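Just below is one structure, and these are the notes that go with it.
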Amino acid sequence: MSRFSQWPDIMAEKGAEEKMEKYERIDRKLVHKGAIIDYYQDTVKIPNGRTAVWDFIQHKGAAAVIAVKDDGRLLMVRQYRNALDRETLEIPAGGLNSVEEPTDIAAARELEEETGYRAGKLELLLSLRTTVAFCNEKIDVYVATDLSPAQQHLDEDEFLAVESYELDELIRMIYDCTIQDSKTVSALLAYQHKYGR
């Protein structure tokens, strides 16, 4: 058993839950409602009895896909990202249509829309929280296999190139800092660890 598997017991022994009770959100104000996210300012009572104002970004959630071709190569999408003002290489992904949408449905949809492939099989690989300091975004990452050609359906403002790579190539790109997108880094490393490819 690793020391990390004992983490919940260690935290309980140290009274972590009791400490967490000292934080209390007492107000939440909507500052801006966006197309993808909503921006709030939260007033929180902190352990010393004072209050702090913290930014909070609410996100509906997302799904992403490690799409594995029959030859073992992985499908990636290259697209422009406004926040970075450059192109990035990422696994296919997209937001949920609503907070209630099952992530496997969203993953299958995004795979087909972005790459033009349909998955015969989807398996949950991991769930991750992208920016825990100020955003609640959760992304479920799936492994898609038994791919078959379908039809790409891009949004009007979406322009991307579909490329395929060997896993080793992509891992090298993580360590030379070519791939920096957090969901892509996490997903590729988890896939490498689980499947040993």
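From a predicted model like this one, the values you see are computed outputs, not experimental measurements.
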Heavy-atom check, side chain of Thr115 versus side chain of Leu147, under 4.5 Å: no
Test: Glu101 and Arg109 ion pair at under 4.0 Å: yes
Atom pair CD (Gln192) and CD1 (Ile171), whose distance is rounded to the nearest 0.5 Å: 4.0 Å
Verify same cluster id: Val31, Ile37 (apolar side-chain graph, 4.5 Å): yes
Distance-minimising heavy-atom pair for Tyr80 and Arg86: CE1-N, 3.6 Å
Flag side-chain contact, heavy atom, 4.5 Å: Thr51 against Asp27: no
Side chain Arg73, main chain Ser164, donor-acceptor under 3.5 Å: yes
Side chain proximity check, Lys69 to Leu75, heavy atoms < 4.5 angstrom: yes
Heavy-atom donor-acceptor pair, Asp176 side chain to Thr178 backbone, under 3.5 Å: yes
Co-membership, hydrophobic cluster, residues Ile57 and Val44, 4.5 Å side-chain: no
Leu167 vs Tyr195 side-chain heavy atoms within contact, under 4.5 Å: no
Lys45: salt bridge (charged side-chain N to carboxylate O under 4.0 Å, His left out) partners, not counting sequence neighbours: none
Interatomic spacing from OH in Tyr40 to CZ in Arg28 - rounded to 0.5 Å: 7.0 Å
Gap separating the CZ atom of Arg78 from the CD atom of Glu87, nearest 0.5 angstrom: 6.0 Å
Heavy atoms of other groups near Lys29 NZ, more than 12 under 6.0 Å: no
Side-chain heavy-atom pair Asp140, Lys138 within 4.5 angstrom cut-off: yes
Exercise: identify the closest heavy-atom pair between His59 and Cys135: CB-SG, 4.2 Å
Donor-acceptor contact present, side-chain Tyr142 to main-chain Asp104, <3.5 Å: yes
ILVMFWY network linking Met76 to Leu189, side-chain heavy atoms under 4.5 angstrom: yes
Rounded distance [0.5 Å steps], OG1 in Thr43 versus CD in Glu24: 11.5 Å
Ser186 versus Leu128, closest heavy-atom pair with distance: CB-CD2, 4.0 Å
Residue pair Arg118 / Ser148, side-chain heavy-atom distance below 4.5 Å: yes
Partner of Leu89 by side-chain contact (heavy atoms from CB on, under 4.5 Å), out of Thr184, Asp181, Leu170: Leu170
Nearest atoms (heavy-atom pairs only) where Ala93 meets Glu114: O-OE2, 2.7 Å
Within 6.0 Å of CZ in Arg50, more than 12 heavy atoms from elsewhere: no
Ion pair Arg129/Glu137, N-O distance below 4.0 Å: no
Interatomic distance, Ile179 atom CD1 to Tyr165 atom OH [nearest 0.5 angstrom]: 7.5 Å
hydrophobic_cluster_shared for Leu96 and Ile139, side chain cutoff 4.5 Å: no
Closest approach of Leu111 to Tyr117 (non-hydrogen atoms, all atoms of both residues): CG-O, 3.4 Å
Results of salt bridge (charged side-chain N to carboxylate O under 4.0 Å, His left out) for Arg172 - residues two or more places apart only: none
Note, Phe56 side chain near Arg25 side chain (heavy atom, < 4.5 Å): no
Residue list, side-chain hydrogen bond (donor to acceptor under 3.5 Å, both in side chains) with Arg81, at least two apart or on another chain: Glu90
Residue pair Gln41 / Asp55, side-chain heavy-atom distance below 4.5 Å: yes
Atom CD1 of Ile36: over 12 foreign heavy atoms under 6.0 Å: no
For the student: nearest non-hydrogen atoms of Ala64 and Ile91, plus distance: CB-CD1, 3.6 Å
Joint cluster assignment, Leu122 & Leu124, ILVMFWY side-chain distance < 4.5 Å: yes
